[in-house]
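Notes to accompany the following structure.
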There are 2 protein chains.
Amino acid sequence: MRLVVARCQVDYAGRLTAHLPMATRVLMLKSDGSVLVHSDGGSYKPLNWMSPPCTVREGTTDDGQVEWTVTAKAPKGQTPDTLRILVEEILHDSEHDLGIDPGLQKDGVEKHLQELLAEHPATLSAGLTLVRREFPTAIGPVDLMCRDEAGLSVAVEIKRRGEIDGVEQLTRYLELLNRDPLLTTKGAVRGIFAAQEIKPQARVLAEDRGITCAVVDYDALRGLDNAEDRLF
Amino acid sequence: MRLVVARCQVDYAGRLTAHLPMATRVLMLKSDGSVLVHSDGGSYKPLNWMSPPCTVREGTTDDGQVEWTVTAKAPKGQTPDTLRILVEEILHDSEHDLGIDPGLQKDGVEKHLQELLAEHPATLSAGLTLVRREFPTAIGPVDLMCRDEAGLSVAVEIKRRGEIDGVEQLTRYLELLNRDPLLTTKGAVRGIFAAQEIKPQARVLAEDRGITCAVVDYDALRGLDNAEDRLF
DNA sequence: AAGTGGATCTCGTTT
DNA sequence: AAACGAGGTCCACTT
């Protein structure tokens with residue numbers, strides 16, 4: 001990774017043509033050949049860039065100015081995109097060995113949602129209390145096992161996006177759970193399908209099978225949680 | 001703009017939660033408070049980031065480690081997104097004054113002409129039909145690629161003011177396009193140089209090279225377009 | 001200000 | 001490998 005701060009002008013030709021007038025900018029040259037041109041503002045998107053795979057060629061113009069030409073690997077039969085950086089003055093230039101990056105862990109919302117709903121099961125249905133998280137069955141753990149005011153067992157399946165396969169999953173769980181005499185003493189196990197967003201098809205299927213749909217307000221739950229944290 | 005290379009760990013909580021294990025990365029702290037965390041690879045998208053408006057607070061943990069907490073301006077009633085950067089070791093740290101950036105030029109006026117002519121290619125030459133806009137070549141996209149009544153390919157270069165360099169540009173495109181057997185089955189690719197105003201020198205050069213000049217009546221084209229809009 | 005559609009989209013997952 | 005959908009989308013333009 002090479003970090004350069006320079007007065008430069010940038011021209012891009014590819015799907016579109018674009019031009020950056022001479023000004024001071026940050027150039028990030030990654031070891032895979034990709035180049036990012038950033039200004040001091042805006043969002044995470046660079047003013048201009050070249051995505052890998054691509055190659056950087058360093059040259060000089062007739063005037064003796066430094067010129068970087070970044071050429072993308074052309075898709076077969078197509079023409080390569082090019083990024084031309086004309087450097088007027090280099091204000092900073094440093095090279096850094098970052099090593100390989102272990103990469104981003106997206107602790108999906110699903111897991112966080114499960115934690116939050118385990119803390120606040122009553123938001124799903126009034127009077128609901130948690131029995132345990134990750135309640136084991138022969139075909140995998142049920143996200144939340146709860147009990148309602150009437151003492152009935154309630155199995156909760158949590159998804160970020162509620163789609164048909166999630167309903168199928170919960171249905172299979174309910175099938176198994178309803179064979180367990182310990183869970184059905186007061187009556188059949190109820191199912192709640194909880195998600196931030198429930199697709200229409202999934203909702204129809206769920207309701208057809210007597211499964212309750214619960215649209216979860218993630219932000220509200222987080223707020224609820226934070227409010228409690230502040231109390232203690 | 002502050003550029004930092006550091007061994008750090010990053011945690012994001014917002015629409016989703018995400019975690020970056022301890023590793024060496026580049027941190028870009030822009031003057032609007034926004035922060036970008038980049039690795040040495042991937043595309044222009046940072047591993048993690050915080051978009052403006054947001055604020056950075058520099059603190060120290062109980063262990064004495066540097067910790068940056070970036071907090072987004074929360075939408076009303078909602079909980080703010082946060083980005084926590086735990087810094088283990090700083091390998092590079094520099095501050096740069098970039099000034100304001102003049103911003104990206106995405107060829108604008110010319111673009112509208114291109115749209116209008118793409119809608120009405122026959123105004124350039126009777127019987128002309130559009131094949132595609134921004135037809136790609138190795139040295140940049142041809143504004144319009146068309147076909148005439150005889151089935152010949154026609155490359156159209158559009159300028160607001162037609163000057164010599166525009167003719168040179170179209171000449172380069174034609175040179176490349178005429179090497180493509182798919183475009184030249186019925187004969188050589190023709191060129192049309194279209195502009196609101198064509199300078200005499202450019203006209204001479206174009207005609208010398210067998211390129212047709214077309215003076216575009218911008219107002220008439222707009223009228224034509226509006227008339228069609230009224231019909232449908 | 002809110003909504004809409006495109007993007008040099010990027011980034012996953014599925015087919 | 002291509003196709004499809006979602007995104008902490010971003011971004012410009014419209015209502």
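Every heavy atom of this structure was used, including side-chain atoms; hydrogens, water molecules and symmetry mates were not.
Note on A:M50: nothing from the nucleic acid sits closer than 4.0 angstrom, heavy atoms only.
Not a single side-chain hydrogen bond (donor to acceptor under 3.5 Å, both in side chains) links A:Q65 to another residue, sequence neighbours left out. In this structure, B:E89 has no side-chain hydrogen bond (donor to acceptor under 3.5 Å, both in side chains) partners at least two apart in sequence or on a different chain. Under the rule for a side-chain hydrogen bond (donor to acceptor under 3.5 Å, both in side chains), A:S39 has no partner lying at least two apart in sequence or in another chain. Here B:Q9 pairs with B:D11 under the side-chain hydrogen bond (donor to acceptor under 3.5 Å, both in side chains) rule; sequence neighbours left out. Take B:H19 and apply the ring pair (Phe, Tyr, Trp, His ring centres under 6.0 Å) test, not counting sequence neighbours, and it matches no residue.
Atoms CG (B:L16) and C1' (C:dT10) sit 15 Å apart, rounded to a whole Å. Counting to the nearest Å, the C1' atom of D:dG7 and the CG atom of A:L104 are 13 Å from each other.
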Shorter than 3.5 Å, N or O on both sides, protein versus nucleotides 9-12 of chain D: list them out with atom names.
unit_1	atom_1	unit_2	atom_2	d
D:dT9	OP1	B:R15	NH1	2.9
D:dT9	OP2	B:R15	NH1	2.9
D:dC10	O3'	A:S43	OG	3.1
D:dC11	OP1	A:S43	OG	3.0
D:dC11	OP2	A:S43	OG	2.9

